[in-house]
Protein chains: 2
Amino acid sequence: MATTTRKRSSKKEEILKTAARMFREKGYTGTSMRDLAEKIGIEAASLYNHIQSKGEILDEIVFSIARDCQEQLENMNASETALQRIESLIRFHTKMMIDHFESYSVMVSEWIHLEEDKLSEFVSDRRRYVKKIETIVQEGIDNKEFKPVSPYVVVLNILSSVRGLEFWQKSAKTHTAEEIEENMVKHLIGGLKL
Amino acid sequence: MATTTRKRSSKKEEILKTAARMFREKGYTGTSMRDLAEKIGIEAASLYNHIQSKGEILDEIVFSIARDCQEQLENMNASETALQRIESLIRFHTKMMIDHFESYSVMVSEWIHLEEDKLSEFVSDRRRYVKKIETIVQEGIDNKEFKPVSPYVVVLNILSSVRGLEFWQKSAKTHTAEEIEENMVKHLIGGLKL
DNA sequence: CCTACCGATCGGTAGG
DNA sequence: CCTACCGATCGGTAGG
């Protein structure tokens, strides 16, 4: 029945959303299934009617965000300049971090706790992702759009800076999301331009 | 006896060093006292002859690095330009991250697991630290050394970028420590200069 | 530094 | 979705 299916999936989504919040606050290993169940208002055992294991929760959180990032990169307009593409990448990641704060934070901080297969999948996905962006930066250097800075360091700096926005939020009064985004671009792109 | 004292303190240092490595690899909550003891070659119970609790180990790792950072900032040459001071700050943090890789990583990633008093001490120390650097950036903007970028975002980006070097190391063959440092400065200072 | 052990808590299952 | 429960493991202590 449609209702049953809808109820099932919305309960699972509630579990994933609550778990993302708790994993961010206390870490994956610092969060117990009992803590999680309590926040949701059921017994720990009942969680297993919706998910298979604690590890599966982490998988779903991490890969759902990772997939979004991969898609955006693949659908990027190849006719744009390197500068335009790097700028839109910074804007995209900044928005992802702000709009999907809990999940994005879990991805960048807790991926280390993925289990064997999922861990190596994530690591190789990320390596491929970073390499692709490095290629864009290198293009920009070859084109004389960018000054000669190590693409490896640039990509690391951009992605790390976005990650650092996990400290923001609290001071949301002093900077709006738009101001954060503009300043991220100004600083990180400014350091690239010739 | 001197020998006893030396042995005691060197054992404690071995515990702290090994713990830093494990906390970085598997997280604070993901590391058990039994894992730690095994790596050192003693029983878990014997750890307590050298340290008081698991939490104390984290305290010592985190605050020893935090103190080094605070000292460097306080001893900074106030007669230098804002640009010179920010540059030397980037260089200092990059070196700290590379030379004290395990402890620095634990500080930036595991401080969240400090207990009550130590946690609030760390948070307020860090806030004060960040504010001081923001002031330097603001000076640079007022002086027309820097373009008008939010000091808040700039400081976040610098410190986050340094943190991101935890992904480096493995590819140590492609970049030396010096190259990393030069490129950090080029990108992050480059984005500030008018 | 060890043996022996504590109560608490962990992720997860059986059976309804 | 719950009760009842599993074996494993946790940080830490007593006592030598």
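Order of the sequence lines sets the chain letters (A, B, ...), proteins ahead of strands, with each chain counted from 1.
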Check for a donor-acceptor pair, side chain of B:Glu145 on one end and backbone N or O of B:Ala82 on the other, with a separation under 3.5 Å. yes
Quick one: which of D:dC2, C:dC1, C:dT3 gets closest to the side chain of B:Ala45? C:dT3
Would you mind classifying the nucleic acid contact of B:Thr31 as base, sugar-phosphate or nothing, using non-hydrogen atoms under 4.0 angstrom? sugar-phosphate
For B:Ile15 and D:dG12, give me the distance from atom CD1 to atom C1', rounded to whole Å. 14 Å
Does A:Lys11 pair with A:Glu14 as a salt bridge, N-O distance under 4.0 Å? yes
Could you state the atom-to-atom distance from CD1 of A:Ile51 to P of C:dG12 in whole Å? 7 Å
Quick one: B:Ile57 CD1 to D:dG11 P, roughly how many Å, whole number? 10 Å
I need the CD-P distance between A:Glu43 and D:dC5, as an integer number of Å. 15 Å
Residues B:Arg91, B:Glu87; criterion salt bridge (Lys or Arg N to Asp or Glu O under 4.0 Å); working and verdict: CA-CA 6 Å; B:Arg91 291 187 187 279; B:Glu87 176 170 336; 3.0 Å; yes
Rounded to whole Å, how long is the line connecting atom NZ of B:Lys26 with atom P of D:dT9? 12 Å
From A:Ser103, A:Ser109, A:Ser105, residue fulfilling side chain to side chain contact (heavy atoms under 4.5 Å, CB included) relative to A:Arg24: A:Ser105
Residue pair A:Gly41/B:Met33 against DNA chain D: nearer the 5' end by closest nucleotide is A:Gly41
Going through the distances and angles, do B:Arg85 and B:Glu80 end up as a salt bridge (Lys or Arg N to Asp or Glu O under 4.0 Å)? CA-CA 6 Å; B:Arg85 279 176 286 161; B:Glu80 288 183 325; 5.6 Å; no
Establish, with yes or no, whether the OP1 or OP2 oxygen of D:dC10 is under 4.0 angstrom from a side-chain nitrogen or oxygen of B:Lys54. no
Kindly express the pairing pattern of DNA chain D in dot-bracket notation, using | wherever a base pairs with another strand and counting only Watson-Crick or G-U pairs under 3.5 Å. ||||||||||||||||
Could you tell me the separation between the CD atom of B:Glu56 and the P atom of D:dG11, rounded to a whole number of Å? 15 Å
Nearest to the side chain of B:Tyr48, which nucleotide is it out of D:dG11, C:dC1, C:dT3? D:dG11
I'd like to know if B:Glu71 pairs up with B:Arg67 as an ion pair, taking the criterion as any Lys NZ or Arg NE/NH1/NH2 lying under 4.0 Å from an Asp or Glu carboxylate oxygen. no
Less than 4.0 angstrom from a charged side-chain N to a carboxylate O is my criterion; do A:Lys39 and A:Glu25 meet it? no
Round to a whole Å and report the spacing from CZ of B:Arg34 to P of C:dC5. 14 Å
I want to confirm an ordering. Mapping A:Ser32 and A:Gln52 to their closest nucleotides on DNA chain C, which one lands closer to the 5' end? A:Ser32
Can you tell me if the side-chain N/O atoms of B:Ser46 get under 4.0 Å from OP1 or OP2 in C:dC2? yes
Rounded to whole angstrom units, what separation is found between the CG atom of A:Asn49 and the P atom of D:dC2? 9 Å
